[in-house]
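Nothing here was measured: the structure is a model prediction, and the numbers come from that model. The analysis underlying the following values was restricted to heavy atoms, covering all of them including side chains, and did not include hydrogens, waters or symmetry mates.
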Amino acid sequence: MQLAHILQPLTAPPGGLPRQQQLYRLLKEAILGGVLAPGNPLPASRSLAAEYGMARNTVLYAYQQLIAEGFLLADRRGTRVAVLSVLPPATRSTAGVAQNQPQLARRAASLQVRQGDAVLPFAPGVADLNAFPWVSWARQLQKAWGEVSARQLAYAPPGGEPALRQALADFLRARRGVRCRPEQIFIVGGAQLALDACARLLADAGDTVWLENPCYPAARTAMQAAGLNPEFVPVDRAGLAPPDSLWQSRPPRLLYLTPSHQYPLGSVLSLERRLDFLRRIGDGWIIEDDYDSEFNHARPGLAPLPAIQGLRPEAPVVYVGTFSKLLHPGLRLAYMVVPGWLAGDFGERIGSLYRSGQAVEQRALARLLESGRLSRHLRVMAPRYRARQSLLRQALHAGFGEDAEILGGDAGLHLTLLLPAGPPDTEIVRQAAALGVTVRALSEYYAAGATVPAENGLVLGYGMAEEQRIPELVARLVQAWRQAEQY
């Protein structure tokens, strides 16, 4: 049997794959494509090797691999193609895109495409990674790795390492007024996974979830991916502001809040509204996303407003926090605090959904908390971030005018600049990126089709902004604004 038309692409090394791999692949593709028909005999390995000038072992490898996978049969009559269904060739459009192929689910089309995770100056949500306490962290990691056993290399205990749960309970009680015991804390692989767990374990598909508008996009994604029906509630300068009628017409099963520092507008939810939400939530749940409350700029030296979770014993609140701002986002560790009466059932269910890991990192983090090194790091960084925010405000007023409205700043690591007149914020962002400045368009945080019109503006982080570069970077941003006006 002549195989010239099939083996023509076979090249001698170095041509990428070894010849035995090339021969195996060419024969397999010919069988799947119907070029080698079922039952067709193949030449003996010695004959094929001699005809095409290759080692017999090369042919034997290809034949044996195809026999093992079921593409060929070998017996006393020789080697032949197995009887298999021939796969139809993929059809492609003129643009080269496969046709009649299954697509993503309909729910995927509603999800907002995530932007890049650049850590350039003014990227929101990024702490100063250059100031991270690398030496202390490396020391604790080294100690933790020195204690590694088979248990630490397997899945972490459900809920997380006991030492970290205890250290975190002490930390949250002292700094945020959270009422909790270690067994109420669940360590998960990032805040996004925590929100996903809330959506799947606290509500059913079709239930109503209230979301802030504008809102943290990842929260919106988690809720929509779980099949919940979002109600986009307007946010004013004091936080989420639902009309009374909404409580009657569409009461929430889940109410998602960023009360300590609304993302992205930066407002702090008043104590009056916090208590009102607790009073009216009924048989629903409040998800309190406390993503960056560690940095309180409005009242330096004083504690921020207490967490909603701590205002009422055993409140129906799931408190969500992350170590992304305390340490670094690549650590991928976050936590959830659930009411004591739910902890047992919640732990069993979340253990069925996700597997815990990073036991070594969790032990190191527990030591960092216990030693007080993390609290000292926060005390060092808080005034540094306040200074950067002040410089950023001055530069924005100088570049965009004294009347420019800047929102937020009581907490966290970002400001929001409103630009009601002028070019679209998305075009400013595009022009700024070309100039090496990363900012986010405020309009993209608003839900499409919601009754609240999207505001035009820019969301600017200052965690990674070096003080001496802030005026220069804002000058580039002003240049991007002017270029966008002409576009």
- Does CG belonging to Asp236 count more than 12 external heavy atoms closer than 6.0 Å? yes

- Donor-acceptor pair between Arg393 and Gln389 side chains, under 3.5 angstrom: yes

- What is the distance from atom CD of Glu466 to atom CG of Leu473, rounded to the nearest 0.5 Å? 9.0 Å

- Task: Of all the heavy-atom pairs spanning Asn213 and Tyr446, show the shortest one and how long it is.
- Result: OD1-CA, 3.3 Å

- What's the verdict on salt bridge (charged side-chain N to carboxylate O under 4.0 Å, His left out) for Glu147 and Arg367, showing C-alpha distance, side-chain angles and the deciding distance? CA-CA 13 Å; Glu147 300 168 353; Arg367 283 205 176 96; 2.4 Å; yes

- Given Arg273, Arg279, Arg274, the one that forms salt bridge (Lys or Arg N to Asp or Glu O under 4.0 Å) with Asp276: Arg279

- Query: When the ring planes of Phe400 and Trp481 are compared, do they come out parallel, tilted or perpendicular, using 30° and 60° as the limits?
  - Reply: tilted

- Task: To the nearest 0.5 Å, tell me how far Gln309 CD sits from Cys180 SG.
- Result: 6.5 Å

- Task: For the residue pair Asp289 and Tyr256, confirm or rule out a side-chain donor-acceptor distance under 3.5 Å.
- Result: yes

- Message: Under 3.5 Å, is there a donor on one side chain and an acceptor on the other for Asp196 and Gln192?
- Response: no

- Centroid-centroid distance, Tyr335 to Phe186, less than 6.0 Å: no

- Message: If I compare all heavy atoms of Ser260 with all of Arg176, which pair ends up nearest, and what's the gap?
- Response: OG-NH2, 3.1 Å

- Query: Judged by atom type as modelled, is there a donor-acceptor pair below 3.5 Å linking the side chain of Arg253 to the main-chain atoms of Leu202?
  - Reply: yes

- No-hydrogen, no-angle side-chain donor-acceptor test under 3.5 Å, Glu69 and Tyr24: yes

- Task: Grab the two heavy atoms, one from Pro251 and one from Thr208, that are nearest each other, plus how far apart they are.
- Result: O-CB, 4.0 Å

- Query: Do you know the tightest heavy-atom contact between Pro182 and Gln166?
  - Reply: CG-OE1, 3.1 Å

- So how far is it from Leu240 CG to Leu255 CG, rounded to the nearest 0.5 Å? 6.0 Å

- Query: On the ring face of Phe122, is Arg440 found with NZ or CZ under 6.0 Å from the centre and within 45° of the axis?
  - Reply: no

- Does the ring centre of Tyr445 sit less than 6.0 Å away from the ring centre of Tyr263? yes

- Task: Enumerate the residue pairs fulfilling side chain to side chain donor-acceptor pair (under 3.5 Å) with a member in residues 407-427, sequence neighbours excluded, ordered by first and then second residue.
- Result: Asp425-Ser443, Glu427-Arg430, Glu427-Gln431

